[in-house]
Amino acid sequence: MAPSGPQPALPTLVVLLGALLLVSEAQVYLALGDQKLNPTITYGNNSLSAKASVKVTAEEEGTQQLLCVVMLGTQTQETRQTVTIYSFPAPNVNLTKPEVSEGTEVIVECEAHPRAKVMLNGVPAQPPGPRAQFLLKATPEDNGRSFSCSATLEVAGQLVHKNQTRELRVLYGPRLDEKDCPGNWTWPENSQQTPMCQAWGNPLPQLKCLKDGTFPLPIGQSVTVTRDLEGTYLCQARSTRGEVTREVTVNVLSPRYELVIIPVVAAAVILGTAGVATYLYNRQRKIRKYRLQQAQNGTPMKPNTQATPP
């Protein structure tokens, strides 16, 4: 067993005793190396267990022998185990600053036990070792990003893992874009709609959308669309990092508008048909007039017959 930290718990040793003997009369001697321990003993029907805790220092790291001796009447039983004492704190993840402005260069560093091997954000240190780092230029997308350092240490043939994470905060000004704040809405009158406009930034900006400087657009609220809602609104997002504006237009379709569409389309079709008919009539009239003039002048008309091939 390999206890960790300044006060490791030693192994629990269970000793089976003969059923004819009184277990409660057994005496236990427990020692770690040259240090005698004061165990807590728990008795069973025909067995007992002994536990003890001990303080160790960094100078005592390594392997030591744990000795347990049980004496009952004239009988003595003993057992020995090898205990590995080690210290392996969680790795440190350091940022140049935990909170920076957009565009600032940040050094992310991971450092662990001298004999450990670390990975920073899943990328092993090169060459493998207890330290890794990289440089980044902070962007709004890095706000709230977590950087994870994983350290691995081999102890007594087993791999022990420790992890640590740190979060980066990036300060940046307000943002209003087409994706999260559309510039144009068209809604039928009397329908239920919810205007949505999301401003981004750190710190989070305050948002308001006004028409003519006074009439507010109820962002995020379900409303019944009326003619009063129609118009162009100026949306303003403001924080301590600055402000941005964006125009948003609301169009309201009246029920009368839908009814007018059908007559207009029908009229267009009728006018188009009449125009084609008039064109064909005038063309035929001009052809007849031309043929009459040719006949009066004595000009023979060429028959519309195909020439006989040679």
Side-chain angles (χ1 to χ4, degrees), residues 99-104 137-146 167-290:
E99 184 175 271
V100 298
S101 297
E102 177 183 5
T104 303
K137 181 173 286 188
T139 67
E141 289 70 26
D142 293 318
N143 183 45
R145 180 179 175 184
S146 292
E167 185 177 289
L168 176 65
R169 286 176 48 84
V170 180
L171 302 175
Y172 62 98
R175 287 184 170 187
L176 281 174
D177 53 37
E178 178 66 24
K179 177 183 176 183
D180 298 306
C181 189
N184 192 291
W185 285 303
T186 301
W187 296 323
E189 189 175 1
N190 298 323
S191 65
Q192 288 294 125
Q193 304 291 339
T194 303
M196 298 301 296
C197 181
Q198 176 67 57
W200 297 102
N202 187 26
L204 189 66
Q206 294 183 342
L207 175 68
K208 59 181 179 180
C209 297
L210 299 176
K211 180 175 68 174
D212 300 328
T214 57
F215 189 82
L217 182 64
I219 298 296
Q221 302 178 25
S222 179
V223 294
T224 300
V225 177
T226 64
R227 304 297 299 180
D228 293 338
L229 200 63
E230 190 171 47
T232 298
Y233 296 78
L234 183 65
C235 293
Q236 181 185 64
R238 174 182 294 177
S239 75
T240 56
R241 308 291 294 184
E243 68 176 62
V244 293
T245 58
R246 178 177 176 80
E247 286 190 349
V248 170
T249 302
V250 177
N251 302 298
V252 178
L253 294 180
S254 171
R256 296 189 303 273
Y257 175 81
E258 299 175 358
L259 296 176
V260 169
I261 292 177
I262 297 177
V264 169
V265 172
V269 172
I270 293 172
L271 291 175
T273 304
V276 172
T278 302
Y279 168 77
L280 293 176
Y281 171 78
N282 289 333
R283 184 172 181 276
Q284 292 296 327
R285 187 170 61 82
K286 289 180 180 180
I287 292 175
R288 288 196 298 272
K289 183 177 179 181
Y290 173 76

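Here the structure is a predicted model, which means the values were calculated and not measured.
Scanning both residues, Val170 and Asn143, for their nearest heavy atoms gives N-OD1, 3.0 Å. Of all non-hydrogen atoms in Val250 and Tyr233, the two that sit nearest each other are CG2-CE1, 3.8 Å. Nearest heavy-atom pair, Val223 versus Pro218, reported as atom, atom and distance to 0.1 Å: CG1-CG, 3.4 Å. Between Val100 and Ala138, the closest heavy-atom pair is CG2-CB, 3.8 Å. Annotation for Ala199 and Leu204: closest pair O-CD1, 3.8 Å, computed over non-hydrogen atoms. Between Asn202 and Arg169, the closest heavy-atom pair is OD1-NH2, 3.5 Å.
Taken to the nearest 0.5 Å, the OG1 atom of Thr194 stands 8.0 Å off from the CH2 atom of Trp187. The CZ atom of Arg246 lies 7.0 Å from the CG atom of Asp177; values are rounded to the nearest 0.5 Å. One finds the CD atom of Glu99 at 4.0 Å from the CG atom of Leu171 (value rounded to the nearest 0.5 Å). Here Gln193 contributes atom CD and Ser222 contributes atom OG; the two are 8.0 Å apart, rounded to the nearest 0.5 Å. Taking CG from Asn251 and OG1 from Thr232, the interatomic distance works out to 8.0 Å, rounded to the nearest 0.5 Å. Here CG of Leu210 is found 9.0 Å from CG of Leu217. Values are rounded to the nearest 0.5 Å.
Inter-residue side-chain proximity for Thr249 and Thr186 is flagged as unmet; no heavy-atom pair is nearer than 4.5 Å. In this structure the side chain of Pro182 reaches within 4.5 angstrom of the side chain of Glu178, judged on heavy atoms. Here the side chains of Arg238 and Pro174 are not in contact, with every heavy-atom distance at 4.5 Å or above. Between Leu207 and Leu176, the closest side-chain pair of non-hydrogen atoms falls below 4.5 Å.
A side-chain donor-acceptor contact under 3.5 Å links Thr224 and Gln192.
More than 12 heavy atoms of other residues, nucleotides or ligands shown are found within 6.0 angstrom of NZ on Lys211. Counted within 6.0 Å of CH2 on Trp200, heavy atoms from surrounding residues, nucleotides or ligands total 12 or fewer; the atom is thus considered open. More than 12 non-hydrogen atoms from other residues, nucleotides or ligands lie less than 6.0 angstrom from CD of Gln198.
For the pair Glu102 (side chain) and Tyr172 (backbone), a donor-acceptor distance under 3.5 Å is absent. Distance alone, capped at 3.5 Å, is enough to place a donor-acceptor pair between the Asp142 side chain and the Thr139 backbone.
By the SG-distance test at 2.5 Å, a disulfide connects Cys181 to Cys197.
Here Glu167 pairs with nothing under the salt bridge (charged side-chain N to carboxylate O under 4.0 Å, His left out) rule; sequence neighbours left out. The salt bridge (charged side-chain N to carboxylate O under 4.0 Å, His left out) search around Arg241 returns none, not counting sequence neighbours.
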